[in-house]
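Read through the structure below, which is laid out as structure tokens, and then see the notes.
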Amino acid sequence: MLGLPGHPVSLRKIAPPRAWGYTTTLPQELAGLMLAEEQARLEAEMGKKAAKKKLRARMSELSVQVAKNLAEAVSLGALPGVAQAQAEGGYLNFYLDTAVASRDIISAVLERGSDFGRGKPQNERVMVEFSQPNTHKDFHVGHLRNVVLGNALANLFEFGGFEVLRANYYGDHGIHVAKALWGRLNPEVLARAEEMLGGPPPQGVYARVERVLTAENDNPKFGEIRATVEKETGRILQQLDDPASEVYELWRQTRQRDLETFRAIYDELGVRFDLEFYESEVEKRASGIVDELLEAGVAAVEAEGEYAGTVVVDFAAHGTPELGKMVLRRSDGTTLYQAKELALAKAKFEDYEVDRSLYVVGSEQSLYFKQVFEILRLWGYTAAEKCRHVSYELVQLPGGKMSSREGTVVPYTAFVAEAKEQALSLAHERGISAVPEEVAGKVAFGAIKYAFLRVDTSKTIIFDWKQALSFDGNAGPYIQYAFARGNKLLAGFTPDVPHLLKSQYTPEPAEVELCRIIADFTDCVSQAMQTLAPNIVANYMYDLTRAFTEFYQSCPVLKAEDGVRFFRQSLVAGFSTVLTAGAGLLGMELPDEM
RNA sequence: GCGCCCGUAGCUCAAUGGAUAGAGCAGCGGACUUCGGAUCCGCAGGUUGGGGGUUCGAAUCCCUCCGGGCGCGCCA
């Protein structure tokens, strides 16, 4: 539009605190081009650094001048909605007519309602696998990050127009189960071993047995017990596959009990799954999968060396030596975990015809998933290209890693109970004695979910009770509180878009700012989806809420005269709509009052 | 040893390569007899771990060093 052949002009939104509009850095880019020749000459003369220094002032002067010239050359008529073009420093800014832009965006929100920001149907099916808890082990706050994250991602893809299948994959089989069952079957022996070890045992049978198996202790008697445990857990593991055994029945019952516990947690968190896979089921197909991979030439029997007799995928033979080797079947004929993973992946592709597959799993599995996806690719699944490991860092304690063996995990139930109590006591402090349990729950879960989601997934969360239970400032309840306040301003209000579009009201700066942020919602959600980063939405929610409270502070709504009140109520309604949509994406509930 | 990730204010975190690096907490000082004080406003706090490079422009990209986390198993 500015007649500059061959040079792309990109417009960006003006950096937030400044104004509502678009900007281009074209003047600076042009200044750089215009002085390039001279710079080359100077560089030869005095060296690069000195040349740059010398040209710096002229460069910025020139870009200012170019910006001015361009601003004068722009014909505003050609740019609908733009009120003025202005040179500022080396930037060329296009400012929107904020009154018009504000009315337009509020109207758009009120018209589309809860569909505002929603993507067009993509005609593509994406499976999001998350949570994957192990039965016979405790559910702790580390697992919570996964659930909350996976759920938010699934919501984002749904909102983005994809058909989403939420999948869970329960670890209900394997050595950890055998260990837990041994502890249940041999409580006296376990207690005796713990006596020798001293110290308080950790919570949960699995953790207690695990401690006995790994603790340092020189007592020969203790060594005997340990040897017994090792032998018997091996036996239990085999019996798990024999429905006639007594162990099998115990497994069935304890497994069922744990699955119910998990489901109660998901229910409480407002998370549902479309599909539930079980390791004990998938396992049955694992061996056949290994045969298929052998036949396909992806895997091979190892002839010699430390892996002699196993079935491995040697990535060096397939052009990706950096992935090393992956063993699929032991030399004794039993399969490894990854064989189950591949069997499950095959089912996902074939039975559910997924186009994309997301695996929400901790970052420590990063190499593992590279290997798995590469095997799928070698196997011929084109959808393997669209498999993603959604990696997130662990939740740690100030003293280091959470360890069930050392009894340092923060159990889910204790944490949630504490959060609810905190919500109630804060309400009491504020003089509201009759807080409905329901509201306290929403506030507590809002705080928890927001706390986990606002942080970039690549950052380790150091769990701190005080901080996790902070309900002030940049926290979930701040957002909920604003919503509750906004609600009060909407009693008896009915949106009327045609009327709004005719409004002659000139909004105050706080109102314009709120509108500007509302207008950003669409970009926010698509960026969050594309980068698999729900924290973008969480941070957006905070910005949006902050703009609202500033508006609330400076612009009376109910007390304003009719025309102004109508505009402001429309704005509040738009805010509430977007806030509700964003909260829905994060899996956060917004109480009508609190 | 090799690979991946992280390092931003005292603490916890933001910032599609773009303008004066922003919030919350903690600290200090304030707020209209007006729609809800889980709120708002102000002050103070920064060599973006160090160094080099690329670029008109770097917290962001590249190299290197330092510090921290994780992974590299016939575990799951």
Side-chain angles (χ1 to χ4, degrees), chain A residues 12-18 23-25 27-36 39 48 52 55-56 59-60 62-63 88-91 93 134 171 173-176 279 302 306-312 322-324 327-332 334 336-338 340-341 362-368 370 391 393-394 396 400-401 423 426-427 429-430 443 451 454-456 458-462 464 466-467 470-475 477-478 480-482 484-486 488-489 491 523 527 530-531 535-536 538-539 542-543 546 549-550 552-560 565 568 572 593-594:
Chain A
R12 279 198 321 279
K13 286 178 239 170
I14 294 175
R18 309 185 96 81
T23 186
T24 176
T25 53
Q28 292 166 59
E29 296 164 42
L30 291 178
L33 290 175
M34 288 158 86
L35 290 180
Q39 181 168 343
K48 188 158 192 177
K52 279 205 162 185
L55 280 178
R56 191 166 302 150
M59 195 83 84
S60 83
L62 185 56
S63 66
E88 274 183 64
Y91 293 84
N93 291 340
N134 283 333
H173 198 273
I175 290 178
H176 73 278
E279 215 175 305
E302 193 83 342
E306 56 174 326
Y307 294 119
T310 65
V311 174
V312 305
E322 70 277 10
L323 295 181
V327 179
L328 299 181
R329 186 150 68 194
R330 298 185 186 90
S331 49
D332 68 3
T334 57
L336 281 102
Y337 182 82
Q338 37 269 37
K340 301 175 207 172
E341 187 81 67
S363 65
E364 71 276 9
Q365 308 264 29
S366 161
L367 172 62
Y368 168 81
K370 276 185 193 148
S391 160
E393 286 295 332
L394 299 178
Q396 294 202 11
K401 211 173 172 177
L426 274 172
E429 267 174 40
R430 296 178 59 239
V443 171
R454 63 176 271 233
V455 183
D456 190 295
S458 68
K459 296 229 163 94
T460 305
I461 291 182
I462 308 290
D464 176 73
K466 200 177 150 209
Q467 207 177 297
S470 162
F471 288 49
D472 295 323
N474 191 347
Y478 175 79
Q480 294 172 317
Y481 181 63
R485 278 170 142 191
K488 287 281 192 293
L489 303 177
D523 281 352
Q527 196 196 341
Q530 278 162 28
T531 57
N535 74 307
I536 291 174
N539 289 317
Y542 179 69
D543 289 340
R546 211 150 54 93
T549 49
E550 279 176 36
Y552 182 91
Q553 199 75 16
S554 59
C555 301
V557 175
L558 299 179
K559 311 215 154 163
R565 187 178 66 230
R568 290 185 176 165
V572 174
E593 53 186 304
M594 61 187 273

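So you know, we letter chains A, B, ... as the sequences are listed, proteins then strands, and number each from 1.
In this structure, A:R330 reaches the B:rC75 phosphate: one of its side-chain N or O atoms is under 4.0 Å from OP1 or OP2. One finds no side-chain N or O of A:K13 lying less than 4.0 angstrom from the OP1 or OP2 phosphate oxygen of B:rG18. Distances shorter than 4.0 Å separate some side-chain N or O of A:K48 from OP1 or OP2 on B:rU54. In this model, the phosphate group of B:rC40 is not approached by any side-chain N or O of A:Y481 to a distance below 4.0 Å at OP1 or OP2. In this model, the phosphate group of B:rC74 is approached by a side-chain N or O of A:Y307 to a distance below 4.0 Å at OP1 or OP2. Close to B:rG7, at under 4.0 Å from its OP1 or OP2, lies a side-chain N or O of A:K459.
Partners of A:K48 according to the side-chain contact (heavy atoms from CB on, under 4.5 Å) rule, which considers only residues two or more places apart in sequence or in another chain, are A:E43, A:K52. Residues meeting the side-chain contact (heavy atoms from CB on, under 4.5 Å) test with A:N93, sequence neighbours left out: A:I14, A:T23, A:E88, A:Y91, A:Y95.
Using a 4.0 Å heavy-atom cutoff across all strands shown, A:V557 reaches at least one base atom of the nucleic acid. Residue A:Q553 is in base contact, counting any heavy-atom pair closer than 4.0 Å across all strands shown. Within 4.0 Å of A:Q480, counting heavy atoms only, lies no atom of the nucleic acid at all. Contacts of A:Q467 with the nucleic acid, taken as non-hydrogen atoms under 4.0 Å apart, involve only primed sugar atoms and P, OP1 or OP2.
Looking at A:D543, its side chain has no donor and acceptor atom pair within 3.5 Å of the base of B:rA15. With hydrogens and angles ignored, no donor-acceptor pair under 3.5 angstrom links the side chain of A:Q396 to the base of B:rG69. For B:rC74, the base has a donor-acceptor partner in the side chain of A:S331 [N/O atoms by modelled type, under 3.5 angstrom].
For RNA chain B, each stem of at least three Watson-Crick or G-U pairs (distances under 3.5 Å) is given as range with range: B:1-7 with B:66-72, B:10-13 with B:22-25, B:27-31 with B:39-43, B:49-53 with B:61-65.
Side-chain N or O atoms of A:T531 include one that pairs as donor or acceptor with a backbone N or O of A:Q527 at under 3.5 Å. A donor-acceptor pair is defined here as one N or O able to donate and one able to accept, closer than 3.5 Å; no such pair exists between the side chain of A:R330 and the backbone of A:T310.
A cation-pi contact, defined as under 6.0 Å to the ring centre and within 45° of the axis, links A:R485 to A:Y552.
Comparing B:rA19, B:rG37, B:rC56 by their closest approach to the side chain of A:R485 singles out B:rG37.
One can place CG of A:L367 at 16 Å from P of B:rA76, the figure rounded to the nearest angstrom. One atom, CD of A:Q527, and another, C1' of B:rA15, lie 11 Å apart when rounded to the nearest Å.
For the atom pair CD1 of A:I461 and CD of A:Q396, the computed distance is 11.0 Å after rounding to the nearest 0.5 Å.
Across B:rA15 and B:rU48, the matching C1' atoms stand 11 Å from one another, rounded to whole Å.
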